[in-house]
Each structure stands twice: as C-alpha cells, then as structure tokens.
Amino acid sequence: MIMGLVKDTNIKEETPLVDVKFTHSLCIGQTGSGKTTSFIYPNIKNRMDLGHGILFFDIKGSEHLALKKLASDANRLEDVVEIGKPWGENINFMDSLNNRTFASFLQDMVGDPAEAGQNTYFYNEAIGLGKSIFNMLKLKAIISQELMELGKKHYYPVQKDFSLGAFYSVIYNIDTLYKFIQDIKAFATHLHKFIIKYTEYYDSKQGDIYKNIILNYTNINTALKFFKKYDVEASDRGNAEKFETSLLSVISTLSSAFNFMATSSAKYISESENALDIVDALQNGKIIIINVRVIPDTILELMLDQVFEQMIDLNLQSEEEKKPISIFIDEAQRLINKDIPLDVLRSSKVDVLMAVQSEIQLISKFGSREDWQKISVNIAQKFAFKSTYFGGDHLLSFYVETALLETFEYAKEHDSNKLRAIPLFLNKEDFDAVELEYQHDVLKLKEIEKNEILFYDVTHFENEREVVLIDTKTQKKRYRKIFTEFEDDVIQRVLEPYLTVSFEDLMQELQVKDKKSIHSYRLMYDEHELTNSYKLMQTQVIGDYKSYNEVFTLLYVLANEDDDFDLAERVYDIFHSLANDEYDEALFINDGYNEDSDEDEPLAIVTAEMVVINTILGLFEDIGIFIVKKEKILVLHMISNYDYIAAINLIAKIQ
C-alpha cells in the first residue's frame with residue numbers, strides 16, 4: 001500500500017509545431033536546451049512540406065547545410081537560394097532607402113556625434129558627406145532612368161548602380177571621392193547640353209519626364225556645392241590654402257564605418273545588377289538562406305524592415321494570389337525592433353517564427369518590459385525550453401519553472417503542463433552529398449571538379465580572398481581567389497595604362513567585318529604600336545582617367561560608329577599628326593564664358609579638320625580624359641574641372 005500524493009512522472013511527447021494561422025510564434029531556450037532540433041528544424045520541415053516560401057537568417061553560418069538537407073528530403077532542393085556567398089544571389093538592400101532612412105542608418109554605422117567627444121566634428125562631417133553622396137548617387141540613378149525612358153540616343157554612360165557597393169567605392173579614399181566629383185560634374189555638363197538640345201520635349205507627351213530631369217539637374221548643381229572643399233587635385237592637397245587636411249580624417253571616419261564591405265559577405269547584399277527581389281522570390285516558393293555571420297546588425301535590421309514593408313503591400317493582392325511565407329529568425333533580438341509590423345502581416349499570409357535564448361534579451365533590446373510587451377501581445381504562440389532566466393515574480397509568461405526543465409522538455413505559455421519534444425536529428429554525413437548535388441546539379445557551378453564542393457570559410461575569405469574547394473571523397477582541399485567587381489576595378493585602374501589589346505581581339509570586340517574598314521584599322525593599329533611604347537613611358541596619367549592606349553581606341557570606335565571609310569581615313573590622319581606632334585597650332589573649342597576674364601573666350605579656331613575634331617572632342621568629353629606628357633605636350637583636358645567651361649581645349653604643339 002502506498003500512502004501520500006502520487007505524481008504521474010510520464011511526460012507527454014509532442015512536437016511543438018506552430019499552427020499555420022499566421023499569428024507568429026516565439027521559442028525561448030538557452031544553448032543546449034534542444035530548441036534547434038526540437039523547434040526550429042521540425043517547423044522548417046513542416047513549412048517546407050506545406051510548400052511555403054521560407055526566409056531563413058543563417059546566424060551561425062553553417063545552418064544552410066541543415067536547411068538544404070531538409071529541402072532535399074522535401075524534394076525542394078531546387079528552390080534553395082543563398083545570399084551572402086560568392087556563388088549565391090545578390091540583393092540590393094539600399095534600393096528602397098529614402099534620404100531619411102539612410103540618414104538614420106548612416107548615424108548608426110558612423111556613431112552618434114553627441115557621444116564622440118573630441119571627434120564630434122569628424123562624425124558630423126562624415127555623416128554630412130555620406131548623406132550628400134547618397135543623395136547624389138540617387139539623383140544620378142533617377143536621371144539616368146529618365147533619360148532612358150525618353151528614348152533619345154546619347155553618348156554619356158548612364159548610371160545603373162545604386163547600391164551600398166557604389167557608395168563604398170566613392171568613400172574608399174580621397175582619390176575615389178575626387179573622381180566621383182569629376183564624374184558628377186561631367187554628368188551635369190552633359191545633362192545641361194541634353195536639356196537645351198531637346199526642348200521639343202517640353203510640350204510633348206513626355207513633357208513631365210523632361211521637366212523632372214530639369215528639376216533634378218538643378219538639384220545636382222545645388223548638391224555639388226557641398227563637394228567644393230573636396231574638389232582638389234592630388235597635386236594641390238599639400239597646399240593648406242587649397243585643401244583642409246582635416247578632411248582626410250573625415251573621409252577616413254566615413255570609410256572606416258563601412259570597412260566590412262571590403263572583408264565580408266556584406267558585399268553580396270549591395271549589388272544592383274540582377275538583384276534578387278526577396279519578397280517576389282518568396283511568393284514563388286523559394287527557400288532563401290541569408291548568410292549574416294559578418295553583416296552588421298544595423299544592416300540586418302534595416303534589411304528585414306524593408307522585407308516587412310514589401311510584405312505589407314501583399315495585402316493589395318487577392319487571397320488566391322497570396323502565397324504563404326514563413327520567416328525564421330534565430331537570435332531574434334539581433335534583427336527585430338519596435339516597428340516590426342506583426343499585427344498586419346497576418347493578412348499578407350506571412351508567419352514569423354522567432355527564437356531567443358532569453359526573454360531578457362528582448363526586453364533589453366526594446367529598452368523596457370512595457371515596450372517589449374507591446375510586441376509580445378501580437379505573438380500568439382510561445383514555447384519555452386530550459387532557461388535559467390525564467391520563473392519568479394518578474395516574468396509570468398509561463399507557469400512552469402523553466403529552469404527545472406530537462407533537455408528537449410518544453411512548456412507552452414499559460415499551460416501548467418510540461419511536454420517532451422521529439423527532436424529532429426540530421427545526419428551530418430549527408431550534408432556533403434546534398435551540398436554536392438546543390439552546387440553541381442542546381443547551381444551548375446563551373447571550375448569545380450566532379451567530387452568537389454565550394455566551402456565559404458568567412459575568416460579565411462577575409463584574410464586571403466579565397467574560397468575553399470573540398471574533395472568530398474578524399475577531403476583534400478585547394479583554394480581559389482575570388483575578387484569582387486569593386487576589387488577588379490581597383491586592379492584595372494593600376495594596370496590600365498599598360499594593358500594592350502590584340503588587333504584580332506579589337507576587331508572582334510568592335511564587330512568589324514568590312515575589309516576596307518579592317519584595312520584602315522590595321523594602318524592605325526600598326527602606327528599605334530610603333531609609338532605606344534615610348535608614349536606610355538613618357539606619359540603621366542592623372543587620377544583614374546583613361547590611358548593613351550584608350551585614346552587611340554576611341555578613334556576606332558568613332559570610325560566604326562559612323563561606318564564612313566573617308567572619315568576613318570581622316571581620323572587616321574589626325575591620329576598620325578597627334579602621335580608625331582605635327583600640329584603647330586592650338587585648337588580651341590569653347591562655348592562658355594571664363595569668369596576669371598573680362599572678355600569672352602573665342603568660340604572656335606576653324607581648321608580643315610574641324611568636323612572630325614569636334615566629334616573626337618565630344619567623345620573625349622563623355623569618357624573623361626586627362627593626359628599630360630612630360631616633354632612634348634599632348635593635353636586632352638577634361639573640361640568639367642572648370643564650372644565655367646562647357647567644352648574641351650585640345651592642345652597639340654611642339655615646344
């Protein structure tokens with residue numbers, strides 16, 4: 001006979017699956033409590049089986065392997081998309097930022113000037129410079145799009161890249177900033193000519209686009225005034241009267257805040273070319289894995305905010321058009337903020353499943369228990385695994401004392417019972433096989449051997465710019481360096497003056513097939529080869545402008561575009577004269593006014609070759625060339641260096 005209270009020690013087994021009601025859930029449990037294998041994996045598997053689009057933030061950098069295994073088991077490996085790896089998809093998180101949100105983001109990255117102490121000036125200036133660059137990049141991108149909408153052929157290259165990568169390429173150092181300023185000034189000059197040349201648009205059906213271009217043009221000219229103190233050539237930066245050396249510290253402060261762009265996977269969230277639309281991909285049932293291991297929390301949070309904003313817009317679709325989406329956020333305190341719109345995501349068929357180690361982390365993130373509770377009330381389902389921070393009078397979310405729970409045991413909110421989860425263990429030996437299938441059959445990656453997979457070791461990549469190739473049979477490793485587009489540009493600028501193109505490659509690139517044209521090009525090419533070697537040795541290339549080699553290539557392009565053999569012959573004659581310094585006169589073309597002079601400048605000195613010279617000069621102006629020979633002078637001067645000149649001075653003479 002047994003006397004006293006008899007307690008049932010049998011604990012019910014039940015997988016903590018979240019009901020698909022789009023009312024959101026939160027799982028709390030300390031490291032090792034079983035929440036990954038008992039909550040995160042089972043719910044991911046469940047949502048995959050239901051066909052949901054899935055967004056997963058890979059905080060650890062290795063969970064992508066588990067998700068691919070789960071996707072493979074659900075016959076959805078082809079739906080997997082990775083972001084944050086050299087072989088993954090790119091996104092452009094800056095695309096939808098406005099000036100206000102970027103200013104807030106910028107201060108988070110640089111730091112609060114009020115807390116900078118003696119560096120307050122540099123922080124304020126850095127934030128001001130960053131905002132001005134962002135505004136200029138955005139204006140140029142908008143205008144470029146409007147020019148394309150008008151459909152007029154124009155020779156100035158439009159800006160396609162509006163991204164964090166483009167922003168970083170400007171703030172990299174004083175030279176990249178200076179080049180950016182010159183490009184903007186040249187763009188403004190071209191834009192002014194475009195506006196006055198095509199006034200017929202004013203009263204046309206496309207008049208609104210034309211008028212908007214004019215307004216944005218005036219905004220560019222206004223914004224350019226901010227950059228005046230930075231618009232100083234390298235040779236003059238040692239002159240205190242022309243350049244404030246403290247501005248170098250300003251640029252350094254701004255650039256340092258974005259150093260992660262050069263060393264981490266963050267570069268893959270900053271590409272505008274073929275950027276992935278996350279929400280659109282999720283609506284098409286994709287399983288998106290974002291590698292966020294080294295991306296600053298500020299960017300992660302902002303990126304998630306943008307995704308939520310787009311998801312709210314799904315409310316405009318019919319119920320049939322909306323596809324269910326599940327978002328999994330481990331270490332949720334890193335990404336969510338007070339503005340997370342949980343209350344309105346339900347009608348968009350978006351479910352957010354979050355996990356943290358302790359509710360204390362969320363209270364700390366939101367600043368107070370009350371602020372966290374405003375969000376918490378919109379989370380319908382809560383689960384708690386073992387956590388020493390639960391229990392007591394201060395937190396009454398759960399009746400069960402979670403500190404006493406064993407591994408894989410959990411409780412539901414406001415439920416006095418404790419349950420035992422059925423963990424979903426994955427065989428890590430299967431990971432290599434699934435990754436091999438994904439890289440070879442889904443992505444169809446090239447330059448990897450039959451049994452090889454690419455492995456992204458963040459630390460190694462940061463130090464060596466290398467990805468690791470692992471043979472899944474022998475486990476032998478080899479390494480391959482990978483460079484970003486920005487890094488390729490840096491390399492190209494260094495080598496640019498010394499690179500040559502074979503005649504055959506040049507003809508193929510220009511798609512020249514006519515025998516007469518090829519003969520003319522051959523003459524120019526041979527002449528160029530005779531003079532080029534010593535020309536380059538005696539030529540000083542200023543800044544990042546084009547080399548003598550590219551000046552010659554422009555002449556090819558000119559003749560090719562006009563498809564005029566006689567013009568090609570005249571171009572050759574001019575090139576021959578320039579190459580041998582046979583001009584003994586200065587050729588000036590100027591349709592502007594010199595503010596330093598009381599008299600108007602001459603409009604032109606007409607020569608027999610003026611038509612051709614005009615065309616060449618127009619091409620030079622659009623490309624932006626500045627070359628100075630040390631002994632005999634050949635100057636192709638980019639006029640946008642001077643606000644009051646609207647064309648180019650070409651001088652070629654014997655001294």
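Positions are given from 1, in the same order as the sequence printed here.
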Examine the side chains of [X] and [Y] and answer whether a donor and an acceptor come within less than 3.5 Å of each other.
X: Q373; Y: S376; result: no
X: H64; Y: K85; result: yes
X: D371; Y: S368; result: yes
X: S347; Y: K322; result: no
X: T218; Y: N221; result: no
X: S348; Y: N315; result: yes

Test side chain to side chain donor-acceptor pair (under 3.5 Å) applied to Q30 and S33, step by step: CA-CA 6 Å; Q30 65 191 42; S33 64; over 6 Å; no
Listed once per pair and sorted, the ring-ring contact (aromatic ring centres under 6.0 Å, His included) pairs that draw on residues 67-103, sequence neighbours left out: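 For residues 67-103, and leaving out neighbouring residues, the ring-ring contact (aromatic ring centres under 6.0 Å, His included) pairs sorted by first residue read F93-F105, F102-F105, F102-F134, F102-F167.
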Residue pairs, two or more places apart or on separate chains, that pass ring-ring contact (aromatic ring centres under 6.0 Å, His included) and touch residues 318-370: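 Residue pairs passing ring-ring contact (aromatic ring centres under 6.0 Å, His included), neighbours aside: F366-W372.
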Quick test of your reading of the model: are [X] and [Y] salt-bridged, counting only N-O distances below 4.0 Å?
X: K286; Y: D280; result: no
X: K365; Y: E301; result: yes
X: K412; Y: D415; result: no

Which atom names give the shortest non-hydrogen contact between [X] and [Y], and what distance separates them?
X: Y410; Y: L405; answer: CA-CD1, 4.0 Å
X: L353; Y: S326; answer: CD1-CB, 4.2 Å
X: F385; Y: G34; answer: CE2-O, 4.0 Å
X: G84; Y: Y456; answer: O-CE2, 3.5 Å
X: V20; Y: H52; answer: CG1-CE1, 3.7 Å
X: T253; Y: A126; answer: CG2-CB, 3.9 Å

Could you tell me if the side chain of [Y] sits less than 4.5 Å from the side chain of [X], heavy atoms only?
X: I127; Y: P113; result: yes
X: F180; Y: I171; result: no
X: L342; Y: T23; result: no
X: I453; Y: Y438; result: no
X: L67; Y: V80; result: no
X: L304; Y: I329; result: yes
X: I91; Y: I278; result: yes
X: Y168; Y: S255; result: yes

With a sphere of 6.0 Å drawn around [atom1] of [X], does it hold more than 12 non-hydrogen atoms of other residues, nucleotides or ligands?
X: K349; atom1: NZ; answer: yes
X: K60; atom1: NZ; answer: no
X: E78; atom1: CD; answer: no
X: R76; atom1: CZ; answer: yes

Residues K131, L106; criterion side-chain contact (heavy atoms from CB on, under 4.5 Å); working and verdict: CA-CA 8 Å; K131 289 193 292 187; L106 195 60; 3.8 Å; yes
Quick one: does [X]'s side chain have a donor or acceptor within less than 3.5 Å of a partner on [Y]'s backbone?
X: Q381; Y: D19; answer: yes
X: N212; Y: D208; answer: no
X: Q206; Y: E149; answer: yes
X: S387; Y: T402; answer: no
X: Q361; Y: S358; answer: yes
X: S144; Y: K140; answer: yes
X: D58; Y: V292; answer: no
X: S72; Y: K69; answer: no
X: K444; Y: D441; answer: yes
X: T15; Y: L17; answer: no

Aromatic plane relationship, Y201 with Y210 - under 30° parallel, 30 to 60° tilted, over 60° perpendicular: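 Tilted.
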K68 to F431 six-membered ring, cation-pi geometry met (6.0 Å, 45°):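 Verdict for F431: no cation-pi partner in K68.
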Derivation of the side-chain contact (heavy atoms from CB on, under 4.5 Å) call for N135 and N99: CA-CA 7 Å; N135 183 47; N99 290 41; 3.4 Å; yes
[X] side, atom [atom1]; [Y] side, atom [atom2] - distance, nearest 0.5 Å:
X: I220; Y: I213; atom1: CD1; atom2: CD1; value: 10.5 Å
X: I287; Y: L55; atom1: CD1; atom2: CG; value: 11.5 Å
X: E125; Y: T120; atom1: CD; atom2: OG1; value: 12.0 Å
X: D297; Y: Q333; atom1: CG; atom2: CD; value: 8.5 Å
X: Q306; Y: D95; atom1: CD; atom2: CG; value: 8.0 Å
X: C27; Y: F39; atom1: SG; atom2: CZ; value: 5.0 Å

Worked check of side chain to side chain donor-acceptor pair (under 3.5 Å) between E82 and N291: CA-CA 7 Å; E82 290 190 281; N291 176 19; over 6 Å; no
Residues K35, K386; criterion side-chain contact (heavy atoms from CB on, under 4.5 Å); working and verdict: CA-CA 9 Å; K35 69 177 185 294; K386 183 180 180 66; over 6 Å; no
Derivation and outcome, side-chain contact (heavy atoms from CB on, under 4.5 Å), residues L26 and L362: CA-CA 11 Å; L26 173 67; L362 296 167; 4.1 Å; yes
With T37 via side-chain contact (heavy atoms from CB on, under 4.5 Å) - residues at least two apart: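 Result, side-chain contact (heavy atoms from CB on, under 4.5 Å) vs T37: Y41, F408, P423, F425.
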Q439 and E435: CA distance, side-chain angles, deciding distance, side chain to side chain donor-acceptor pair (under 3.5 Å) verdict: CA-CA 6 Å; Q439 293 191 17; E435 187 69 21; 2.8 Å; yes
